Amino acid sequence: MTKKDKILITTAIDYANSPIHIGHAYQKILADVLARYNRILGKEVYFTTGTDEHGQNIEETARKKNLEPKEYVDQIAKKDKEELDLLNISYNRFIRTTDADHEKYVKEFWKKTKNKGDLYKEKSEGYYCLGCEAFKRKSELVNGRCGDHPSKDLQKIEEENYFFKWSKYQSFLLNLLEKKEDFVVPKNKKREMINFLKQGLKDISVSRKNIDWGISVPEDQEQTIYVWFDALINYYSAAQPKGFWDEQTHIIHLLGKDNLRWHALLWPAMLKAADLRVPDVILAHEFLSMKSKKLSKSENNIITVSEIVKKFGRGVARYYLLRHGPLFKDADISWDRVENVYNKELADGLGNLVQRVSKVCSRSDYKADFNLPEKFSPYIENNLNNFNFNQALKEIWNKISKENKYLEKKEFWHKQNKELTEILGHAVKTVRQIAYDLKPFLPEIAEEIEKRFNSKKIKFGKPLFPKK
RNA sequence: CGCGGGGUAGAGCAAUGGCAGCUCGUCAGGCCCAUAACCUGAAGGUUGGGGGUUCGAAUCCCCUCCCCGCAACCA
């Protein structure tokens, strides 16, 4: 991160085919931590998330449910928002690709790119695969069939579409990736993008004929803008009017590894074509699996945010994912593991430390001082500046363990007067700092600890995390 | 030769050439402030397999087996 004082943090917008699950939520949590952290540091933060609502898949899903596409995506967007609220995600704008202002920006963007000469119309022969809901190039076919859906017959379609001159930006992109250290995080993903680029870019079709559910091409009503072209622009539509798409803003995109190519290679090329600035950091995280199997709705192998919150309470999903989630490496989740982490790390670790310190404080006449923490511990800053969310939490938990050892060694429950005051002073200071450090990660928990500890008389209360 | 990640104690992971470590679980002890929590100690590994380089290999090289993603619209 940098010293600029405006920061734009975005998450990918989720495809409104089905509501989000815990895997999607992971990304929102990462973004939320960055947003809260930077706000506390006094920076101006704009944090966006939302839904990607156009495209043929969505139209068909809606029709199957006897709904108009708009009705259907309204439902999904509402549900997604509820899930985000359960996690206390502090977004500033929930942008939907069906929002009127977004449509306006997409059309503007299109015109700019067209005027630049980077969009051209060309008749192409395509093979449409019903399994993929997508066009295949002849070169992509395996034995004249789609490699992913060999059982489906391909429809040969001749269509005139708009193409984006992606190939024109190959060296621009290569330069960007090679020169800008942090442009794609982590490094191995960046290498992957560079390797892909070196294979050569082909121009890409960015419009479709005979698709109704989408944004139509300006001055060409027959054509509809391809969903990715439409979706990527959401970042700009959300941020630009608020003044967060200028050179004074540090722009961070968070996304899953599956979307990296579009964000690292197509989006910057589109921005360049429209004479707009490119983002600073593109952070791609890995995937969560459940008992080694992909999170998949069709296989009934998902956990939703509401389930986890219902079972363990708020904050637990945030903690689990931030500490044990798939940051730069795929990670596995299971109910057993969540329960174990809840009991050992949250209840026995953080929760118990808060209890034992506050109990001894409240039964003695100990009076705390008002030297409240004013900034994050250095390890929080170091780790968050490098996007090491899990390591930052690990450091906090090391601090908890160290304090437990200290209290044990001092046998503080036997002590009195001056000696006790000294030990409690140490413990209270530590707990207060822990609460401060936890603010970006577990805001509700941090607040609850502060309620008990940030006054003269330390209060003993109910366990923060009742044992399961 | 499509691209990439991975295989280390019962489980999850760390260690990029120098005594193989951490968390959980297990076992023993201590403590009694705390949510049967906390603290100390112990057991448990020929690092998937084979070969090579080296004084020394989980780590570098070659071969091989196995898992998992991505492959241009699933976070």
Side-chain angles (χ1 to χ4, degrees), chain A residues 11-15 17-18 20-28 30 52 54-58 132-137 140 147-148 166 188-189 191-192 195-196 199 201-202 204-205 226-231 254-262 265-266 284-289 292-298 323-326 328-332 334 336-337 340-341 343-349 351-364 390 394 397-398 400-401 403-415 420 423-424 427 460 462-468:
Chain A
T11 72
I13 52 176
D14 300 301
Y15 202 55
N17 222 346
S18 54
I20 58 169
H21 56 61
I22 198 78
H24 302 89
Y26 174 61
Q27 182 184 105
K28 318 304 168 196
L30 295 180
D52 177 11
H54 288 133
Q56 195 175 7
N57 273 312
I58 287 182
C132 302
E133 302 284 11
F135 275 105
K136 299 277 158 181
R137 285 170 189 276
E140 291 176 86
D148 295 331
W166 202 5
N188 63 324
K189 288 277 178 285
R191 232 176 297 129
E192 216 176 309
N195 288 339
F196 181 77
Q199 292 169 24
L201 287 177
K202 290 177 205 143
I204 180 175
S205 154
Y226 183 65
V227 290
W228 263 109
F229 198 86
D230 163 2
L254 277 92
L255 43 128
K257 59 178 169 185
D258 57 328
N259 281 342
L260 182 58
R261 255 178 216 175
W262 299 109
L265 304 179
L266 180 60
H285 60 76
E286 305 276 324
F287 279 180
L288 195 62
S289 59
S292 311
K293 272 167 47 191
K294 227 164 137 173
L295 294 179
S296 147
K297 211 186 167 194
S298 52
R323 177 83 189 263
H324 304 285
F328 299 134
K329 198 174 174 187
D330 287 341
D332 201 60
S334 70
D336 284 354
R337 210 174 291 166
N340 189 256
V341 164
N343 281 327
K344 296 311 298 180
E345 295 174 21
L346 290 171
D348 296 351
N352 186 54
L353 179 66
V354 166
Q355 290 307 85
R356 66 194 304 211
V357 173
S358 59
K359 183 57 180 267
V360 175
C361 283
S362 67
R363 76 172 189 187
S364 68
N390 42 13
K394 199 171 171 191
W397 259 255
N398 283 342
I400 292 171
S401 166
E403 195 61 21
N404 270 326
K405 287 182 179 54
Y406 169 81
L407 294 175
E408 204 71 28
K409 200 174 137 212
K410 295 279 185 184
E411 298 186 3
F412 77 136
W413 53 90
H414 282 151
K415 301 297 195 247
L420 179 63
I423 299 165
L424 288 179
F460 179 77
K462 280 190 186 143
L464 295 172
F465 306 97
K467 279 291 266 265
K468 299 284 176 196

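All values derive from a computational prediction rather than experimental measurement. Within every chain, numbering begins at 1; the chains are lettered A, B, ... in the order of the sequence lines, protein sequences first and strands thereafter.
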**Inter-nucleotide P distance (B:G4, B:U8), Å rounded** = 22 Å
**Asked** With A:K410, which residues qualify under salt bridge (Lys or Arg N to Asp or Glu O under 4.0 Å), at least two apart?
**Response** none
**Message:** Any salt bridge linking A:E286 with A:K329? Criterion: basic side-chain nitrogen under 4.0 Å from a carboxylate oxygen.
**Reply:** no
**Request:** Rounded to whole angstrom, note down the P distance from B:C1 over to B:C70.
**Result:** 24 Å
**Prompt:** Looking only at atom P, what distance separates B:A58 and B:U46, rounded to whole Å?
**Reply:** 13 Å
**Span that lies between the P atom of B:C68 and that of B:C13, in whole angstrom** = 15 Å
**Message:** Base, sugar-phosphate or nothing for A:F412? Non-hydrogen atoms, less than 4.0 Å.
**Reply:** base
**Message:** By the 4.0 Å heavy-atom rule, please label A:L288 as base, sugar-phosphate, or nothing.
**Reply:** base
**Toward the 5' end of RNA chain B, by each residue's nearest nucleotide, A:Q355 or A:Q27** = A:Q355
**Asked** Does A:W262 make a side-chain N or O approach to OP1 or OP2 of B:A72 shorter than 4.0 Å?
**Response** no
**Fill in**
Note: for A:F196 and A:L407 on RNA chain B, the residue whose nearest nucleotide lies more 5' is A:L407
**Message:** Applying a 4.0 Å non-hydrogen cut-off, can you work out what A:F229 is touching in the nucleic acid: base, sugar-phosphate, or nothing?
**Reply:** nothing
**Complete:** Scoring nucleotides 3-15 of chain B by protein non-hydrogen atoms under 4.0 Å (B base, S sugar-phosphate only, - none) yields SS-------SSS-
**Asked** NA contact type, A:G351, heavy-atom cut-off 4.0 Å: base, sugar-phosphate, or nothing?
**Response** base
**Prompt:** For every nucleotide of nucleotides 20-32 of chain B, 5' to 3': is a protein heavy atom under 4.0 Å from its base (B), only from its sugar-phosphate (S), or from neither (-)?
**Reply:** ----SS----BSS
**Those residues that, when tested against A:N343, pass side chain to side chain contact (heavy atoms under 4.5 Å, CB included) (two or more places apart)** = A:E339, A:K467, A:K468
**Fill in**
For A:K28 and A:A12, the nearest pair of non-hydrogen atoms, with its separation, is NZ-O, 2.9 Å
**Message:** Could you tell me how far B:G5 sits from B:C73 if I compare only their P atoms? Round to whole Å.
**Reply:** 23 Å
**Item:** Partners passing salt bridge (Lys or Arg N to Asp or Glu O under 4.0 Å) against A:K344 (at least two apart in sequence or in another chain)
**Value:** A:D348
**Item:** Phosphate-side-chain proximity, A:Y226 and B:C73, N/O vs OP1/OP2 below 4.0 Å
**Value:** yes
**Message:** Can you give me the closest heavy-atom contact between A:L260 and A:A284, atom names plus distance?
**Reply:** CD1-CB, 3.9 Å
**Request:** Using a heavy-atom cut-off of under 4.0 Å over every strand shown, decide if A:L353 touches base, sugar-phosphate, or nothing.
**Result:** nothing
**Request:** Check every strand shown and say whether A:K467 touches a base, only sugar-phosphate, or nothing at a heavy-atom separation below 4.0 Å.
**Result:** base
**Message:** If the condition is salt bridge (Lys or Arg N to Asp or Glu O under 4.0 Å), which residues does A:E408 pass it with, not counting sequence neighbours?
**Reply:** A:R356
**Asked** With both distances kept under 3.5 Å, what pairs with B:C19, Watson-Crick or G-U wobble?
**Response** none
